[in-house]
Amino acid sequence: MDKTTGLRESKKLRTRRQLAATALELFLERGFDAVSVADVAAAAEVSKPTLFRYFPSKEDLLLDRFADHQDEAARIVRDREPGRTPLRAVREHFVAALAERDPITGLCDHPDVLAFQRLLYSTPSLESRMAHYTAREVELLVAVLEAESVAPLTARLASLSLVTVRQELGRENWRRISAGQSADEAYPTALTDADAAFALLADGLESALPPRSQPAAATGPHSGPDQPVPGRGVGWEGPAPAGAQSGRREDQP
C-alpha cells in the first residue's frame with residue numbers, strides 16, 4: 001500500500017467514525033425514529049449520497065459497531081488451544097468477558113453503554129436489522145467448523161446455538177442492569193446463567209427438557225392406553241404404513 005492509498009483509507013475511516021458518532025449523539029438526544037438520515041448528514045456536514053456510501057441504511061449508522069464483533073465467535077473457535085472443543089472455547093471466552101464487564105455480554109452499567117442498549121432494545125427497526133449481523137456471525141462460524149470437517153448441517157445447528165446463547169445471555173444481563181442492579185450485583189447470577197446455558201448445549205436438550213406428563217384418565221370407548229398401529233410404536237407421530245389408515249391389509253382390494 002503506497003502513502004497516497006494509506007492516507008485515503010485513513011480519511012475514509014475518520015469520516016465513517018464521524019458519521020457514526022454524530023448519528024449516535026442525535027439518536028440518543030432525540031430518539032431513533034425522530035432523526036432522519038438528512039439530519040445526520042447535515043450535522044456531519046456531508047451529503048446524503050456521501051453518507052449512504054458509508055452506511056447502506058439508517059440502522060447501520062448505529063449498528064455498524066457490531067460489525068467489529070461479527071467474527072468473534074468464529075475467531076474464538078478458530079484460534080482455540082489444542083484439546084479444547086468449540087463449545088468450551090466459546091464458554092470460557094464469555095465467562096472471561098463477564099468478569100471484565102465487557103459490554104458485549106450485557107453486564108456493563110456504564111451510562112453510555114446503558115443508553116445505547118436501551119435505544120437498541122426499544123427500537124423495533126434496530127432489532128430487526130440486527131438479524132443481518134447475526135446471520136453474518138453464524139455464517140462465519142459455520143465456515144470455521146466446516147473447515148474442520150464438521151458436517152454442514154451439524155456446523156449450522158451448532159453455530160446457531162452458540163451465537164444464540166451468547167446473544168440471549170447478553171440480553172438477559174441487560175434486563176437486570178436496566179431493572180436497577182449494578183454489574184457487580186448481577187454478576188453472580190449472570191455467571192450461573194452462563195454455566196447453565198452452555199451446559200444445556202453440552203448435555204443436550206434430551207436431558208434438560210422434561211418428558212410430557214401422562215394425560216388425565218379419560219372415560220369412554222377409547223379410554224386407556226394408546227393402541228399401536230401396525231408398524232408404529234406408541235407415541236410415534238409419523239405417517240402410517242400404507243393401508244393402516246383405512247384399517248385394511250395392503251393385499252386386500
Side-chain angles (χ1 to χ4, degrees), residues 9 12-13 16-17 19-20 23-24 32 37 51-98 100 102-108 113 116-117 119-121 123-174 190 193-205 208:
E9 292 304 316
K12 287 182 178 180
L13 182 58
R16 186 180 189 86
R17 288 175 175 172
L19 288 169
L24 178 59
F32 183 81
V37 171
L51 185 150
F52 280 123
R53 281 202 296 270
Y54 288 91
F55 297 96
S57 73
K58 175 183 170 182
E59 287 76 16
D60 290 316
L61 281 162
L62 188 71
L63 298 177
D64 184 69
R65 63 200 63 222
F66 283 102
D68 295 336
H69 294 278
Q70 281 183 305
D71 69 337
E72 190 169 72
R75 176 170 43 80
I76 292 166
V77 171
R78 184 183 61 245
D79 298 341
R80 71 190 187 277
E81 296 179 3
R84 273 180 168 77
T85 65
L87 176 61
R88 180 181 174 186
V90 173
R91 177 198 170 276
E92 288 177 348
H93 184 274
F94 190 86
V95 168
L98 282 177
E100 297 171 0
D102 189 328
I104 203 66
T105 67
L107 194 69
C108 181
V113 174
F116 174 83
Q117 292 178 326
L119 181 64
L120 171 61
Y121 293 130
T123 308
S125 62
L126 289 173
E127 289 221 74
S128 177
R129 182 61 176 166
M130 271 294 294
H132 165 79
Y133 292 87
T134 299
R136 179 60 178 161
E137 186 176 3
V138 170
E139 291 300 329
L140 291 171
L141 182 52
V142 167
V144 170
L145 293 176
E146 288 186 347
E148 297 184 7
S149 301
V150 176
L153 178 59
T154 300
R156 180 162 298 279
L157 291 174
S159 298
L160 284 166
S161 299
L162 288 168
V163 169
T164 299
V165 162
R166 279 163 40 99
Q167 289 185 341
E168 289 305 311
L169 287 172
R171 186 186 295 263
E172 187 64 22
N173 290 333
W174 172 79
D193 281 354
D195 287 339
F198 286 106
L200 178 63
L201 296 185
D203 298 338
L205 296 178

Going through the distances and angles, do Asp102 and Thr105 end up as a side-chain hydrogen bond (donor to acceptor under 3.5 Å, both in side chains)?
-> CA-CA 6 Å; Asp102 189 328; Thr105 67; 5.8 Å; no
Specify the closest pair of heavy atoms between [X] and [Y], including all atoms of both residues, with the distance to one decimal.
| X | Y | result |
| --- | --- | --- |
| Arg65 | Ala20 | NH2-O, 4.1 Å |
| Ser125 | Phe32 | OG-CE2, 3.4 Å |
| Cys108 | Pro103 | CB-CA, 3.9 Å |
| Trp174 | Gln117 | CD1-OE1, 2.9 Å |

Can you tell if the side chain of [X] reaches within under 4.5 Å of the side chain of [Y], non-hydrogen atoms only?
| X | Y | answer |
| --- | --- | --- |
| Phe52 | Val37 | yes |
| Phe94 | Ile104 | no |
| Leu98 | Asn173 | yes |
| Arg129 | His132 | yes |

List for me each residue that meets side-chain hydrogen bond (donor to acceptor under 3.5 Å, both in side chains) alongside Arg78, sequence neighbours excluded, and say none if there are none.
-> none
Taking side-chain hydrogen bond (donor to acceptor under 3.5 Å, both in side chains) as the test, write out the residues that go with Gln167, two or more places apart.
-> Thr134
About how many Å separate [atom2] of [Y] and [atom1] of [X], when rounded to the nearest 0.5 Å?
| X | Y | atom1 | atom2 | result |
| --- | --- | --- | --- | --- |
| Ser57 | Leu63 | OG | CG | 7.5 Å |
| Asp64 | Leu24 | CG | CG | 12.0 Å |
| Glu92 | Thr85 | CD | OG1 | 8.5 Å |
| Glu137 | Arg166 | CD | CZ | 5.5 Å |
| Asp60 | Leu19 | CG | CG | 12.5 Å |
| Tyr121 | Met130 | OH | CE | 7.0 Å |

From the options Asp203, Asp193, Leu169, select the one residue that forms a side chain to side chain contact (heavy atoms under 4.5 Å, CB included) with Phe198.
-> Leu169
Pick one: which of Leu145, Val144, Leu140, Val138 meets side chain to side chain contact (heavy atoms under 4.5 Å, CB included) with Val142?
-> Val138
For Leu153, does its backbone N or O pair with a side-chain atom of Arg156 as donor and acceptor, under 3.5 Å?
-> no
Ignoring hydrogens and geometry, is there a side-chain-to-backbone donor-acceptor pair from Ser159 to Ala155 under 3.5 Å?
-> yes
Please check if atom CZ in Arg84 has more than 12 non-hydrogen atoms from other residues, nucleotides or ligands closer than 6.0 Å.
-> yes
Answer yes or no: does atom CZ of Arg136 have more than 12 heavy-atom neighbours from other residues, nucleotides or ligands under 6.0 Å?
-> no
